[in-house]
Colleague: 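One structure coming up, written as structure tokens, with questions to follow.
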Amino acid sequence: MRSTLLAIATGLFVSIAVLGCSSSGSSAAPAAASTVEAKPVGTIGTVLVAGSNGMTVYTFAKDVKDSGASACTGGCLTKWPALTVAAGATPAGGSGVTGKLATITRDDGTLQVTYNGLPLYFFSGDTKAGDGNGVYTNWAAVTP
């Protein structure tokens, strides 16, 4: 299970790195890759999505703001993978992101991104950018 999560986190990191290194062909310096951006998602409105893949990110009602910990562990992470960044990386907000981005260190050593003191997660039931299937009891899409 941990290896699956590590593979997901590694894939997200690689996607972020690739986006940060890609060139649009213009002579201007490339912009830094955003960890999260504010985008309209279906009927739920403008929410935060991962800059690397456009997938909606969520918060968990059982997490305690500014606690430095995540309440989603074990099997929870299979359904709700953490949004992570590489060791030493600092999360960056793109257009429309008005809150504070930071990280917490999970028990396995990975850095999970937080927004206004709450850890961020993906939902395994979202299969493409713009999906918002994870909005239900104890889980909310994150408004900017």
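For the numbers below, each heavy atom of this structure counts, side chains included, while hydrogens, waters and symmetry mates do not.
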Colleague: Checking Tyr115 now: which residues fulfil ring pair (Phe, Tyr, Trp, His ring centres under 6.0 Å) with it, not counting sequence neighbours?
Modeller: none

Colleague: With side-chain contact (heavy atoms from CB on, under 4.5 Å) as the test, would you mind laying out the steps for Thr56 and Val49 before giving the verdict?
Modeller: CA-CA 4 Å; Thr56 304; Val49 300; 4.3 Å; yes

Colleague: Mind checking whether Leu118 and Val36 sit in one hydrophobic cluster, side chains of I, L, V, M, F, W, Y counted as touching below 4.5 Å?
Modeller: no

Colleague: Which residue pairs pass the side-chain hydrogen bond (donor to acceptor under 3.5 Å, both in side chains) test when at least one of the two sits in residues 132-144, sequence neighbours left out?
Modeller: Asp126-Asn133

Colleague: Using 0.5 Å steps for rounding, measure from the CZ atom of Phe122 to the CG atom of Leu120.
Modeller: 8.5 Å

Colleague: Using residues 86-106 as the side-chain source, report each donor-acceptor pair under 3.5 Å to any protein atom, sequence neighbours left out, with the distance given to one decimal.
Modeller:
unit_1: Thr98; atom_1: OG1; unit_2: Pro144; atom_2: O; d: 2.5
unit_1: Arg106; atom_1: NH1; unit_2: Ser70; atom_2: OG; d: 2.9
unit_1: Arg106; atom_1: NH1; unit_2: Gln112; atom_2: OE1; d: 2.6
unit_1: Arg106; atom_1: NH2; unit_2: Cys72; atom_2: O; d: 2.8

Colleague: So which atom in Ser124 and which in Pro81 form the shortest heavy-atom distance, rounded to 0.1 Å?
Modeller: N-CD, 4.3 Å

Colleague: Could you work out, with side chain to side chain contact (heavy atoms under 4.5 Å, CB included) as the rule, every residue matching Ala71, not counting sequence neighbours?
Modeller: Phe60, Lys62, Asp63

Colleague: Kindly indicate whether the side chain of Val47, heavy atoms from C-beta on, has any atom under 4.5 Å from the side chain of Val142.
Modeller: no

Colleague: What residues, two or more places apart in sequence or in another chain, satisfy side chain to side chain contact (heavy atoms under 4.5 Å, CB included) together with Val135?
Modeller: Ile44, Tyr58, Ala141

Colleague: I'd like to check the salt bridge (Lys or Arg N to Asp or Glu O under 4.0 Å) partners of Lys128; sequence neighbours left out, ordered by chain and number.
Modeller: Asp131

